[in-house]
Amino acid sequence: MSRQLTDAELEAYFDEALPAEEMARLEEQLRLDASLRERLAGLISLRDAGTHSLGAIWRRHRLSCPTREQFGGYLLGTLDEAAREYVEFHVTVAGCSLCSANLADLRRQRAESADAIQTRRRKYFQSSAGYLRKG
Amino acid sequence: MPVDFVSQFDRVLIERVRAADAEAWNELIGRYEGRLLAFVESRLGNRATSEDVVQETFIGLLTSLPNFDGGRPLESYLFSIAAHKLTDQLRRAGRRPTVPLQPTGASSSGWDVAGQQQGASTMLRSGERRHLEEAALVRALAGEIERWRQRGDWEKLKCAELLFVRGRANKEAAQQLGLSEQTVANYKFEFLARLRAALGKLKLPPDVFSELQA
C-alpha cells in the first residue's frame, strides 16, 4: 500500500474495525514507520480531547450495519435484491469487521455441533460467573 | 443523563445481570459469544487463544458493567472490550506496535485533522456534554441513513460509508462504486451540508465536529 493513508483509515485501525488482512498490513506499516505512529498518536489525542469523528461514531453505533436477522435472511436467500446487495457491499467492500464476524458466526452455527457450542459456552460461564455482583 | 441506545431486549438482560442473575448471564453469553469469537479469531487465527480473549471479554463486561451507561448498543460495547483485549494480546505477541501517548513534532508531521485547531470548547467540555454532542450527531447521521434507505438512495449511503467509515479518498470511492469523482464530491458536499444544518439547529459548537467544518 503505497498511497497516503487517510485519517479515517488510521482511526478505523485504532478501533480494530478494518478487515483482518488490512489490519495486519497496517500493523506492519506502523512497526516500520515512526512518523505514521506519530500521526496515529495525534489522532488519538484529538479524540481524547473530545473531537468527534464521524467514522468513529458511525461505527460505534453501528448506524448502517444490517441486523442479525437481516444476515439470517441473507444466508437463507430471503432478502430482496437491494438489501442483499447492500449486505454484500457492507461486508466485502466497506469491510465491516463486526458484521463479517456476525456472518461468520451464523455460517459456523450451521456447521458446528451443538455439543461443541455448549462446551465452549459452559467454559465461558464457569470462568466468569464468579464476577457476577449485585449493583 | 446519557441517551440510551440499548435495545429493549438487551436492557432487560443487563438489568438481570446487574441483579446477579446467573441464568441471564448464561443467556447473554449464548447470545454474543459466537460473534465475538469469530471477530477475534479472524485476527488471531488461533482458536484456543481466541477463546481465551473472548473469556477475558466477558469478565471485562462484568467488571465494567457499573460504568455501562447505555450510550451505545450492548453488542458494540462488547466488541469494543474484545478489541481492547485483542490489542493486548497482539502487543504481547509483538504484532501490534505501541503508539506514543504524546506525539512529538505533531504540527509538522501532518496528522492534524484537516483545517482544524482545537478550540477551548473542545478541551473544556464535560463528559456529559460530549455524550450529548455524540447523541446529536448519531441522530443526525441516523436520520440521513434512514432517508437514503427510504428513498432507495443506496449509492449515497455506500458513498458516505466508504468516505467516512472506511476512510477512502474520493478517487478510490469513485472507482469502487463506478462513479465519477465529481459525483462523489457532490454526494459528500450534500451530506456534510445536511449534517451541518441538522447540528446547527441544536446550536452545537462546530469545532467539536472536525469533519463538518466548511
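Please read these numbers as outputs of a predicted model, since none were measured by experiment. In the text below, chain A, chain B and the rest are named by the order of the sequence lines, each starting its count at 1.
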For this session: Considering only NZ, NE, NH1 and NH2 on the basic side and carboxylate oxygens on the acidic side, decide whether A/Glu28 and B/Arg95 come within less than 4.0 Å.
Result: no
Exercise. Side chains of B/Lys158 and A/Glu85: closer than 4.5 Å at any heavy-atom pair?
Worked result: yes
For this session: Please determine if B/Arg91 and A/Glu27 form a salt bridge, counting it only when a charged side-chain N lies under 4.0 Å from a carboxylate O.
Result: no
Exercise. Looking only at heavy atoms, which two atoms of A/Ala8 and B/Gly167 are closest? And how far apart?
Worked result: CB-CA, 3.4 Å
For this session: Could you tell me which portion of A/Phe89 (side chain, backbone, both or neither) has an atom closer than 4.5 angstrom to a non-hydrogen atom of chain B?
Result: side chain
Exercise. Relative to chain B, which segment of A/Arg122 carries a heavy atom at a distance below 4.5 Å: side chain, backbone, both, or neither?
Worked result: neither
For this session: Answer yes or no: is there a side-chain heavy-atom contact under 4.5 Å between A/His61 and B/Ser76?
Result: no
For this session: Using a cut-off of under 4.5 Å on heavy-atom pairs, state which of B/Ala22, B/Pro66, B/Ala82 scores highest against chain A.
Result: B/Ala22
Exercise. For B/Leu61, is it the side chain, the backbone, both, or neither that has a heavy atom closer than 4.5 Å to a heavy atom of chain A?
Worked result: neither
Seminar exercise, completed: Smallest heavy-atom separation, A/Ile57 atom then B/Glu134 atom, equals CD1-CG, 3.8 Å
Problem set entry | Donor on one side chain, acceptor on other, B/Glu161 and A/His90, under 3.5 Å | yes
Seminar exercise, completed: Heavy-atom nearest pair, A/Ala94 first then B/Leu162, reads CA-CD2, 4.2 Å
Exercise. So which of A/Asp15, A/Val93, A/Leu10 has the biggest tally of heavy-atom pairs under 4.5 Å with chain B?
Worked result: A/Val93
Exercise. Heavy-atom distance under 4.5 Å to chain B: side chain of A/Leu63, backbone, both or neither?
Worked result: both
For this session: For B/Glu33 and A/Lys123, run salt bridge (charged side-chain N to carboxylate O under 4.0 Å, His left out): C-alpha distance rounded to whole Å, both residues' side-chain angles, the deciding distance at 0.1 Å, then the answer.
Result: CA-CA 11 Å; B/Glu33 64 90 19; A/Lys123 185 181 77 172; over 6 Å; no
Seminar exercise, completed: Looking only at B/Ile145, B/Thr87, B/Leu163, most heavy-atom pairs under 4.5 Å shared with chain A are made by B/Ile145
Problem set entry | Within-4.5 Å side-chain heavy-atom neighbours: B/Ser80 and A/Glu16 | no
Exercise. Is there side-chain contact between A/Arg108 and B/Leu37, with at least one heavy-atom pair below 4.5 Å?
Worked result: yes
Problem set entry | Which atom of A/Arg37 lies closest to which atom of B/Thr98, heavy atoms considered | CD-O, 3.7 Å
Problem set entry | Side-chain donor or acceptor of B/Arg18 paired with backbone N/O of A/Lys134 under 3.5 Å | no
For this session: Just do the side-chain contact (heavy atoms from CB on, under 4.5 Å) check on A/Phe14 and B/Val99 with the steps written out, would you?
Result: CA-CA 10 Å; A/Phe14 182 68; B/Val99 174; over 6 Å; no
Exercise. Between the main-chain N or O of A/Ala20 and the side-chain N or O of B/Ser42, is there a donor-acceptor pair closer than 3.5 Å?
Worked result: no
For this session: State whether A/Phe71 and B/Arg35 meet the cation-pi test: NZ (Lys) or CZ (Arg) under 6.0 Å from the six-membered ring centroid, and within 45° of the perpendicular axis.
Result: no
For this session: Would you mind reporting whether A/Arg120 and B/Val54 have side-chain heavy atoms less than 4.5 Å apart?
Result: no
Problem set entry | Part of B/Ala83 within contact of chain A (heavy atom distance under 4.5 Å) | both
Exercise. So does A/Arg121 pair up with B/Glu27, basic N to acidic O under 4.0 Å?
Worked result: no
Problem set entry | Heavy-atom neighbours of B/Phe68 CZ exceed 12 at 6.0 Å | yes
For this session: Return the option, out of B/Glu146, B/His84, B/Gln55, B/Arg43, with the maximum number of heavy-atom pairs under 4.5 Å with chain A.
Result: B/Arg43
For this session: Quick one: which of A/Ala12, A/Gly55, A/Ser64 has the most heavy-atom pairs under 4.5 Å with chain B, could you say?
Result: A/Ser64
Exercise. So which heavy atom on A/Asp105 is nearest to which on B/Ala38, and how close?
Worked result: N-CB, 4.1 Å
Exercise. Relative to chain A, which segment of B/Glu172 carries a heavy atom at a distance below 4.5 Å: side chain, backbone, both, or neither?
Worked result: side chain
Exercise. B/Arg96 and A/Tyr13: side-chain contact (heavy atoms from CB on, under 4.5 Å), yes or no, with the steps?
Worked result: CA-CA 11 Å; B/Arg96 183 149 174 144; A/Tyr13 163 82; 3.5 Å; yes
Problem set entry | Distance (rounded to the nearest 0.5 Å) between B/Ile29 CD1 and A/Tyr124 OH | 9.5 Å
For this session: Please assess B/Leu192 against A/Leu54 for the test side-chain contact (heavy atoms from CB on, under 4.5 Å), listing each intermediate value before the final yes or no.
Result: CA-CA 10 Å; B/Leu192 292 176; A/Leu54 252 168; 4.1 Å; yes
Seminar exercise, completed: Per-residue tally against chain B (heavy atom, under 4.5 Å) across A/Ala24, A/Ser100, A/Ala104, A/Ser53 peaks at A/Ser53
Exercise. Do B/Glu211 and A/His52 meet the criterion of a side-chain donor-acceptor pair at a distance under 3.5 Å?
Worked result: no
For this session: Look at B/Leu86, B/Leu65, B/Thr63, B/Asp21 and state which one has the largest set of heavy-atom pairs under 4.5 Å with chain A.
Result: B/Leu86
Seminar exercise, completed: Checked B/Leu157, B/Leu28, B/Leu137, B/Val17 vs chain A; the most non-hydrogen pairs under 4.5 Å come from B/Leu157
For this session: Step by step, work out the salt bridge (charged side-chain N to carboxylate O under 4.0 Å, His left out) result for A/Arg68 and B/Glu75.
Result: CA-CA 11 Å; A/Arg68 182 97 165 162; B/Glu75 185 191 45; 5.6 Å; no
Exercise. Is the backbone of A/Thr51 close enough, under 3.5 Å, to the side chain of B/Arg130 for a donor and an acceptor to pair up by distance?
Worked result: no
Exercise. Has the side chain of B/Arg72 got a donor or acceptor atom that lies under 3.5 Å from a matching backbone atom of A/Arg62?
Worked result: no
Exercise. Side chain, backbone, both or neither: which part of B/Arg47 has an atom under 4.5 Å from a heavy atom of chain A?
Worked result: side chain
Problem set entry | Contacting region of B/Glu41 [heavy-atom separation from chain A under 4.5 Å] | side chain
Problem set entry | Student check: side-chain heavy atoms of B/Phe79 and A/Arg60 closer than 4.5 Å | no
For this session: Over all heavy atoms of both residues, which pair between A/Ser128 and B/Leu62 is shortest? Give the atoms and the distance, please.
Result: O-CD1, 3.3 Å
For this session: For the residue pair A/Glu22 and B/Arg166, establish whether any side-chain heavy-atom pair is separated by less than 4.5 Å.
Result: yes
For this session: Sort A/Leu36 into side chain, backbone, both or neither according to what part of it lies under 4.5 angstrom from a heavy atom of chain B.
Result: neither
Problem set entry | A/Thr6 side chain near B/Arg168 side chain, heavy-atom distance below 4.5 Å | no
Problem set entry | Between A/Leu98, A/Leu106, A/Leu30, the one whose heavy-atom pairs under 4.5 Å with chain B are most numerous | A/Leu98
For this session: Using non-hydrogen atoms and a 4.5 Å limit, figure out which bit of A/Glu112 sits close to chain B: side chain, backbone, both or neither.
Result: side chain
